[in-house]
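Take a look at the structure set out below.
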Amino acid sequence: MTDRDLQQHIARKSFLPVYLLYGEEDFLIERRAKAMADAALDGSDPSFNHDIFRGSEHKAEEVTIAANAFPFMGEKRVVLVRDSDPLLKQNALLQYVQRPSPDTVLLLCAGPLKPSRTRSKKSAAATDLLTFLREAERGSSPTGAVVEYKALKDAEAMQWIAREVEQAERRISPEACTGVHALIGNGARELSSEIEKLLVAHPEHAVIETDDVYDQLGASRQYNVFELANAVLARDSRRSMEILQHLLVTEEPLMIVNVLFRQISLLWRVRSYRFSGRVTDEDARNLGLVWGWQ
């Protein structure tokens with residue numbers, strides 16, 4: 001199942017008994033799990049129908065007891081298990097997942113997992129639970145589903161930034177989007193925090209522009225990592241050193257190196273496209289290059 005499929009379940013408020021959300025992007029997992037819990041409870045009192053566990057602090061038996069309880073003054077119970085990785089290795093949870101309660105939405109949140117190569121029924125490894133749920137969602141009457149949240153790639157992060165701003169009924173220019181991404185990186189949690197700050201700091205701006213990004217992130221319009229990258233690519237050593245001296249006063253050297261590496265590596269990838277023909281704007285956008293890449 002994809003995240004888009006999961007959003008449809010949320011919109012319809014129609015849920016399977018078990019979901020395993022796992023992967024590197026813990027922020028996206030947390031956000032989606034909260035949205036699912038809110039939709040499944042549908043206004044019922046969470047003090048009666050919403051249990052939260054943590055894999056490092058609870059046993060699988062505690063989770064299954066809560067999941068087998070009946071909802072009170074509501075149609076569904078929600079049992080959320082954060083950091084469920086260690087619980088996925090316990091037989092009690094695997095046995096529950098094989099016969100889950102139809103009145104409960106069990107949300108298992110975990111880190112990166114790999115499918116098991118063995119199909120032994122005696123094995124209680126976490127990857128066996130992952131394999132079972134993947135096979136279950138392919139059936140005609142699935143009882144569970146799996147959604148993986150991988151770390152965002154450059155192009156995906158750029159699209160995600162634009163969608164986050166659009167959800168606030170605002171827009172962000174391609175250049176400003178590139179700026180946020182280059183300065184912050186691909187981490188959804190860090191990006192979300194900076195986007196929220198941008199929107200709050202400039203409530204009167206219908207479109208977030210590059211200057212807004214500079215103001216919020218403390219970058220100088222004259223001395224910033226983009227100007228440094230342009231000077232390096234132009235082989236202007238004097239200008240490069242001038243910008244670098246200013247940047248080293250306020251910026252971490254590792255961030256500067258990361259941005260330089262990103263810009264140059266992306267241009268190198270565009271150059272590799274030329275072996276198969278002319279480079280198009282779409283090719284550049286797919287790589288995350290939207291700012292004067294030509």
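Note that the numbering runs from 1 along the sequence shown for the chain.
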Q. Looking at residues at least two apart in the chain, or sitting in another chain, which of them share a side chain to side chain donor-acceptor pair (under 3.5 Å) with Ser14?
A. none
Q) Roughly how far, to the nearest 0.5 Å, is the NZ atom of Lys150 from the CG atom of Asp3? A) 13.5 Å
(Q) How about CZ on Arg12, more than 12 heavy atoms from neighbouring residues, nucleotides or ligands closer than 6.0 Å, or not? (A) yes
Q) Do Asp83 side-chain atoms and Arg54 backbone N/O form a donor-acceptor pair below 3.5 Å? A) no
**Q.** Minimum heavy-atom distance Gly179-Val213, with the two atoms named
**A.** C-CG1, 4.2 Å
(Q) In the structure I gave you, are the side-chain heavy atoms of Val105 and Val18 within less than 4.5 Å of one another anywhere? (A) no
Q: Give every residue pair that meets the salt bridge (Lys or Arg N to Asp or Glu O under 4.0 Å) criterion with at least one member in residues 59-73, sequence neighbours excluded.
A: none
**Q.** Minimum side-chain heavy-atom gap Val81-Cys109 below 4.5 Å
**A.** no
Q.
If you define the side chain from C-beta out and look only at heavy atoms, does anything of Tyr19 sit under 4.5 Å from Leu108?
A. no
Q | In one Ile/Leu/Val/Met/Phe/Trp/Tyr side-chain cluster, 4.5 Å: Val257, Val232 | A | no
Q: Give a yes or no on whether the backbone of Pro71 and the side-chain of Asp103 come within a donor-acceptor separation of less than 3.5 Å.
A: no
Q) Rounded to the nearest 0.5 Å, how far does CE of Met36 lie from CG of Leu41? A) 11.5 Å
**Q.** Exercise: identify the closest heavy-atom pair between Thr104 and Ala69
**A.** OG1-O, 3.9 Å
(Q) Donor-acceptor pair, distance only, cut-off 3.5 Å: does the side chain of Lys76 make one with the backbone of Pro102? (A) yes
Q) Do you know the tightest heavy-atom contact between Cys177 and Ala162? A) SG-N, 4.4 Å
**Q.** Gln167 side, atom CD; Ile195 side, atom CD1 - distance, nearest 0.5 Å
**A.** 9.5 Å
Q) Would Lys153 and Glu25 pass as an ion pair if we require N to O under 4.0 Å? A) no
Q.
Donor-acceptor check, side chain of Thr2 to backbone of Asp5, threshold 3.5 angstrom: yes or no?
A. yes
Q.
Restricting to side chain to side chain donor-acceptor pair (under 3.5 Å), what partner residues turn up for Asp236, sequence neighbours left out?
A. none
Q. Would Thr143 and Leu16 satisfy side chain to side chain contact (heavy atoms under 4.5 Å, CB included), going step by step from the backbone distance to the final call?
A. CA-CA 6 Å; Thr143 56; Leu16 299 173; over 6 Å; no
Q: Measure the CG-CG distance between Leu21 and Leu28 for me, rounded to the nearest 0.5 Å.
A: 10.5 Å
(Q) Within this structure, what is the CG-OG1 distance for the pair Leu94 and Thr64, rounded to the nearest 0.5 Å? (A) 12.0 Å
Q. Is there a donor-acceptor contact under 3.5 Å from the side chain of Arg77 to the main chain of Ala66?
A. yes
Q) Where is the tightest heavy-atom contact between Ala151 and Glu156, given as atom of each residue plus distance? A) O-OE1, 4.1 Å
Q: Could you pull out all residues at least two apart from Glu75 that satisfy side chain to side chain contact (heavy atoms under 4.5 Å, CB included)?
A: none
Q. Is there side-chain contact between Met158 and Val180, with heavy atoms separated by less than 4.5 Å?
A. no
Q: With sequence neighbours excluded, tell me which residues meet salt bridge (charged side-chain N to carboxylate O under 4.0 Å, His left out) with Lys13.
A: Asp42
Q: With sequence neighbours left out, write down each residue that passes side chain to side chain contact (heavy atoms under 4.5 Å, CB included) with Ile65, or none if nothing qualifies.
A: none
**Q.** Distance, nearest 0.5 Å, that separates NE2 of His246 from CG of Leu228
**A.** 12.5 Å
Q: Please check if atom CD in Glu57 has more than 12 non-hydrogen atoms from other residues, nucleotides or ligands closer than 6.0 Å.
A: yes
(Q) Quick one, Thr131 with Arg134, criterion side chain to side chain contact (heavy atoms under 4.5 Å, CB included). Give me CA distance, side-chain angles, the key distance, then yes/no. (A) CA-CA 5 Å; Thr131 301; Arg134 280 187 171 173; 5.8 Å; no
Q.
Tell me whether Ser101 contacts the main-chain N or O of Asn68 through its side chain, where contact means a donor paired with an acceptor under 3.5 Å.
A. no
Q.
On a heavy-atom basis, which atom in Leu248 and which in Pro253 lie closest, and how many Å separate them?
A. CD2-CG, 4.1 Å
Q: Just grab all the salt bridge (Lys or Arg N to Asp or Glu O under 4.0 Å) pairs involving residues 184-201, residues at least two apart or on different chains.
A: Asp26-Arg189, Glu30-Arg189, Glu194-Lys197
Q) Would one find more than 12 heavy atoms of other residues, nucleotides or ligands at under 6.0 Å from atom CZ of Arg32? A) yes
Q | side chain to side chain contact (heavy atoms under 4.5 Å, CB included) partners for Arg170, two or more places apart | A | Val165, Ala168, Leu199, His202, His205, Ile208
**Q.** Step-by-step side chain to side chain contact (heavy atoms under 4.5 Å, CB included) determination, Ser84 to Tyr22
**A.** CA-CA 9 Å; Ser84 65; Tyr22 76 99; over 6 Å; no
Q: Indicate the atoms forming the closest heavy-atom contact of Pro86 with Gly55, along with that distance.
A: CG-O, 3.5 Å
Q.
Please list all pairs meeting ring-ring contact (aromatic ring centres under 6.0 Å, His included) that have one or both residues in residues 29-63, counting only residues at least two apart or in different chains.
A. Phe48-Phe72, Phe53-His58
Q: Decide side chain to side chain contact (heavy atoms under 4.5 Å, CB included) for Leu20 and Leu113; before the verdict, give the C-alpha distance in whole Å, the side-chain angles of both, and the deciding distance to 0.1 Å.
A: CA-CA 11 Å; Leu20 173 58; Leu113 300 172; 4.1 Å; yes
Q: Under the side chain to side chain contact (heavy atoms under 4.5 Å, CB included) rule, collect the residues that match up with Lys34, sequence neighbours excluded.
A: Asp38
Q.
I'd like to check Tyr96 versus Leu106 (side-chain heavy atoms, cut-off strictly below 4.5 Å). Are they in contact?
A. yes
**Q.** Residue pair Ile172 / Val207, side-chain heavy-atom distance below 4.5 Å
**A.** no
Q) So do Leu191 and Phe27 actually touch side chain to side chain, heavy atoms under 4.5 Å? A) no
Q. What residues, two or more places apart in sequence or in another chain, satisfy salt bridge (charged side-chain N to carboxylate O under 4.0 Å, His left out) together with Glu242?
A. Arg239
Q. Salt bridge (charged side-chain N to carboxylate O under 4.0 Å, His left out) with Glu137: which residues, sequence neighbours excluded?
A. none
Q.
For a 4.5 angstrom cut-off between non-hydrogen side-chain atoms, does Leu244 reach Ile256?
A. yes
